[in-house]
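This report concerns only the one structure given below.
Heavy atoms only: backbone and side chains are in, while hydrogens, waters and symmetry mates are out.
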Amino acid sequence: MSRNPKRFPLDTIRHSTAHLMAAAIAQLYPGTVFGIGPSIEDGFYYDLQLPEGANLTLEDLERIEKAMRQLAAEDAEFVQQSMSKAAARELFADQPFKLELIDELPADEDLTVYTCGDFSDLCRGPHLPSTGYLKHFKLMKLAGAYWRGDSEQPMLQRVYGTAWQKASQLTDYLQRLEEAEKRDHRKLGRELDLFSFSELGGAGFPLYHPKGARVLQLLQDWLRAELYKRDYVQVMTPHVYKVDLWKMSGHYDNYKDDMYFFDVDEGEDKSSSTKAGDADDQKRAASQYAIKPMNCPGHMLIYGSGLHSYRDLPIRMFEFGTVYRHELSGVAHGLMRARGFTQDDAHIFCRPDQVNAEVLGCLELVDYVMNTFGFAYTAELSTRPENAMGSAETWELTTGALENALQEYGVDYTISEGDGAFYGPKIDIHLRDALGRTWQCSTIQFDALMPERFDLQYRSADNSSERPLMLHRAILGSMERFLGILIEHYGGALPSWLAPTQAMLIPISDDQIPYAQDVSAQLTAANIRTEIDGTAERMQAKIARAQQKRIPYMLVMGKKEAESDQIALRHRTEGDLGACEVSDFIAKIESEKPS
C-alpha cells in the first residue's frame, strides 16, 4: 500500500517526525529523559537530556537519522490511547519532565498517549497513521535550551530537524538554507567590516565600525527626512531614569526582570530627621535608577511638561532612542536579537476624531518603507486580551480604528483574537525577504493606559480637560535588527544610496592617482561616498576586490580617461557600462535615491 504524505498537513508530518526522532534516540541512548517535541515553522525540535550528563554532537545526528529511516521502513503504527493521570504517571515514572506536565493537568482529565514501536509519548496529536509516511526529513542542528525557558531549570539539548511532504520541497528548503548561510549578517558584517562583538562588551552589544555606523546614520537620516515631511517632531530623552518613573509607567511591575538596575549615591542626606551638625549620624542617601528598556515614558514627560489645546493635536513625537534589555546571553543572536539597540520610536498624541487619520498615516509610512526596500508584507491585528485595562468603549474605538484603517488602506491582514497588549490593541507588520522568510518589524499600538498613568491632558473646544489617545509606533523597529535583515535580504550588496562606499575609484597606474583624487573631490562635493584604490596591483585585482566588498560602482581611470576628463564605469553585477562624464555619474547616483 502506498504511503503518500502529501495529503497530510505539514504540522502533522513534522510533529510525527519529532516522535520518530525521539523513538530513534530512545533506542540508541537508553535512559534518555525527554522534554517536549513540537512542530515549528519549517520543521520540529525535541528537547532531551542524555543519561549521565552525556551530550550529542553533530556527528551523532547522522547516526540518529539512519535509525529514524530504519524505523520508518518498519511502518510502525502511531497508536493513540487515552489513560488516567495515575496510569500516565506509572507509564512515565522515569521521565521527570513528563511527570511535571502530567501534574499540571486537571485531576479528572484523561490524557492522550501515542505509541510508536517501543516509544510512548504524552501528546494530544494528531499523528500520521504510521511511520511509513515519513520520507522527506533531515536533522539539522543542536542547541541548548533550559527546560521551559527557565534559567533556574536544567539545561537540555535541543535537536532540530525539518520534514516535508515532497522530496522537492526538502531540496528547495536545504538550498534556501545554504543561501541563507552565505547571507548570514554576522558573517557579512565581519567580511564587510560593518560591526563586531567583543567578549569584554558582552553578548548582545554590537560595536559598529565606521562603515556600519555610516549605514545606520544613512538609514536614520533618510527616515528622519520622511518624518519631517509628515509633521513629526524629534525629541531626545535620557538613557537613565529613577526607578520611580518605571513604577509610574507600569514597567517596574510588568517588565523589571528584563531591565538593568543600579544604585546611585546621591550624597549626604540632610533631611529634617538628621540632626544638623551631627556628622556621625548623617546618612548617605542612595537612589535606585534603571537604564531604559523603552522610550515611551520620556515622551510622556515631554508631553506633560506643557499645556496643550485641542488645536495642538495631533502631536507626532519621534526619537531614535537606544534602549537596553536584559536577556539571557544564549538568546542574543547578532543584530537580530541584541541587548542594546536603537528603536525608531514615535508616539502620537491625538483626539478621538483624529484616530483614523493617524493610523492611516502610519500605514502609509509602513507602505513607503517596505516598497523602498522591495519587501512584500502582511498585517496581524491583535485584539483585547483577558487582562485588558481601560474601558470597553475605548477598546472598541481603538480596535475599530485599527481595523477600519487596514481595510481602507487595503492591507492584507489576519486577526489574532485576545493577543493585544494589556494596554491596547495593535497591528504587527510581517515583511517577507528575498529568501521568503518572514520578519516582524513594524508595529502600531494603541495605549489608553499610559496617558492615564501620567495624567496627560489637553483643553477641549469647550475648555474642559480631556485625555489624549496615544499611538505607539515603530516602522523599522530595532534599527539593529532591520540592518541585519537588510544585509541578508541584499546579501550584503546594499542599494547604492545606502552603501557605505558608493564608488571605488581605480587608477590603472600611479600616473592617474592625481586624476582619481580630483574626481573623488568632485564626487565628495556632491555627497557621494568614495574610496581610491591606489595599490600597485593590476586593475583586474582591484575590480575583484571592490566587487568582493559589494561596492556598487567602480570608476576605472587610465590615461585615456584622464586626458578626456571621463571615467570608465563598471557596476558590481552588470559589469562594464562604458565611458561617461563625472557629471553623468553624479546624476545617476542621485536618480537611485528613494523618491
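Scanning both residues, L142 and T57, for their nearest heavy atoms gives CD1-C, 3.4 Å. Minimum heavy-atom separation, E408 to L360: OE2-CD1, 3.4 Å. What you find for M140 and L177 is that their closest heavy atoms are CE-CD1, 3.1 Å. The shortest heavy-atom contact between M259 and F261 is CB-CE1, 3.7 Å. Scanning all heavy atoms of the two residues, the minimum distance from M450 to P297 falls at SD-N, 4.4 Å.
Ring planes of H489 and F375: tilted class, angle from 30 to 60°. Ring geometry, Y241 versus W246: the interplanar angle exceeds 60°, so the pair is classed perpendicular (tilted spans 30 to 60°). The aromatic rings of F195 and H185 sit tilted, their planes meeting at an angle between 30° and 60°. Ring-plane geometry between Y553 and F585 is classed as perpendicular, the angle between the planes exceeding 60 degrees on a 0 to 90 degree scale with a lower cut at 30. Using cut-offs of 30° and 60° on the angle between ring planes, the pair H239 and Y324 is tilted.
Formation of a donor-acceptor pair under 3.5 Å by the D344 side chain with backbone atoms of G477 is found in this model. When atom types are taken as modelled, the side chain of Q217 and the backbone of A213 share no donor-acceptor pair closer than 3.5 angstrom. Of the possible polar contacts, none joining the S520 side chain to the A516 backbone as a donor-acceptor pair under 3.5 Å is found. With hydrogens and angles ignored, the 3.5 Å screen pairs a side-chain donor or acceptor of R214 with a backbone N or O of P500. Remark: the backbone N or O of M294 is not paired with any side-chain donor or acceptor of R325 at under 3.5 angstrom. Using a distance-only test at 3.5 Å, with no hydrogens or angles considered, no donor-acceptor pair links the side chain of K426 to the main chain of L402. Formation of a donor-acceptor pair under 3.5 Å by the K138 side chain with backbone atoms of G161 is not found in this model. Judged by distance alone, with hydrogens and angles left aside, the side-chain atoms of Q157 form a donor-acceptor pair with the main-chain N or O of L56 at under 3.5 Å. Checked by atom type and distance alone, the side chain of Q512 pairs as donor or acceptor with a backbone atom of S509 at under 3.5 Å. One N or O on the side chain of S442 and one on the backbone of I475 form a donor-acceptor pair closer than 3.5 Å.
Residues Q547 and R570 meet the side-chain proximity criterion, which asks for heavy atoms closer than 4.5 Å. W439 has its side chain within reach of E488: a pair of non-hydrogen atoms, C-beta onward, lies under 4.5 Å apart. The closest side-chain heavy-atom distance from Y377 to D367 is below 4.5 Å. Looking at heavy atoms from C-beta onward, R316 lies in side-chain contact with D231 at the 4.5 angstrom threshold. Two residues are said to be in side-chain contact when any heavy atoms from C-beta on lie closer than 4.5 Å; F446 and I427 fail this criterion.
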Derivation and outcome, ring pair (Phe, Tyr, Trp, His ring centres under 6.0 Å), residues Y289 and Y260: CA-CA 9 Å; Y289 286 74; Y260 295 99; over 10 Å; no
Pair L431-T438, side-chain contact (heavy atoms from CB on, under 4.5 Å): steps then yes or no: CA-CA 5 Å; L431 64 84; T438 57; over 6 Å; no
Salt bridge (charged side-chain N to carboxylate O under 4.0 Å, His left out) evaluation trace for E226 with K229: CA-CA 5 Å; E226 291 301 323; K229 290 178 188 176; 3.1 Å; yes
Stepwise side-chain contact (heavy atoms from CB on, under 4.5 Å) test for L476 and M479: CA-CA 6 Å; L476 306 184; M479 301 289 296; 3.6 Å; yes
Full working for side-chain contact (heavy atoms from CB on, under 4.5 Å) between I315 and I348: CA-CA 6 Å; I315 295 174; I348 301 173; over 6 Å; no
side-chain contact (heavy atoms from CB on, under 4.5 Å) between L555 and M557, worked out: CA-CA 6 Å; L555 281 53; M557 304 167 193; 3.9 Å; yes
Worked check of ring pair (Phe, Tyr, Trp, His ring centres under 6.0 Å) between H472 and Y423: CA-CA 11 Å; H472 298 260; Y423 52 77; 5.6 Å; yes
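By the ring pair (Phe, Tyr, Trp, His ring centres under 6.0 Å) test, Y146 is found to be paired with no residue, residues two or more places apart in sequence or in another chain being considered. Remark: R481 pairs with no residue by the salt bridge (Lys or Arg N to Asp or Glu O under 4.0 Å) rule, at least two apart or across chains. Under the side chain to side chain donor-acceptor pair (under 3.5 Å) criterion, Q407 pairs with Y413, not counting sequence neighbours.
In this structure, CD on Q502 lies 11.0 Å from CG on L494, to the nearest 0.5 angstrom.
The existence of a salt bridge linking E364 and R230 is confirmed by a sub-4.0 Å separation between a basic side-chain nitrogen and an acidic carboxylate oxygen. Salt-bridge annotation for E531 and K211: present, with a side-chain N of the basic residue lying under 4.0 Å from a carboxylate O of the acidic one. For R545 and D533, the salt-bridge test passes: some basic side-chain N is under 4.0 Å from an acidic carboxylate O. Between K256 and D258 there is no salt bridge, since no side-chain nitrogen of the basic residue lies less than 4.0 Å from a carboxylate oxygen of the acidic one.
Defined by atom type and a distance below 3.5 Å, a donor-acceptor pair is missing between the side-chain atoms of H136 and Q169.
Within 6.0 Å of the CD atom in Q540, the count of heavy atoms belonging to other residues, nucleotides or ligands exceeds 12. Atom NZ of K187 has more than 12 neighbouring heavy atoms from other residues, nucleotides or ligands inside a 6.0 Å radius. In the displayed structure, D510 atom CG is contacted under 6.0 Å by at most 12 heavy atoms of other residues, nucleotides or ligands.
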Could you list the donor-acceptor pairs under 3.5 angstrom formed by side chains in residues 561-568, with sequence neighbours left out?
residue : atom : partner : partner atom : Å
E561    : OE1  : G558    : N            : 2.7
S564    : OG   : K560    : O            : 2.9
S564    : OG   : E561    : O            : 3.4
D565    : OD1  : Y515    : OH           : 3.4
Q566    : NE2  : E581    : OE2          : 3.1

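With F205 as the aromatic partner, R339 does not meet the cation-pi criteria of under 6.0 angstrom to the ring centre and within 45 degrees of the ring axis.
Note on residues 517-530: no pairs pass salt bridge (Lys or Arg N to Asp or Glu O under 4.0 Å), not counting sequence neighbours. For residues 196-209, every residue pair satisfying the side chain to side chain donor-acceptor pair (under 3.5 Å) rule, not counting sequence neighbours, is listed here: D193-H209, S196-H209, Y208-E480.
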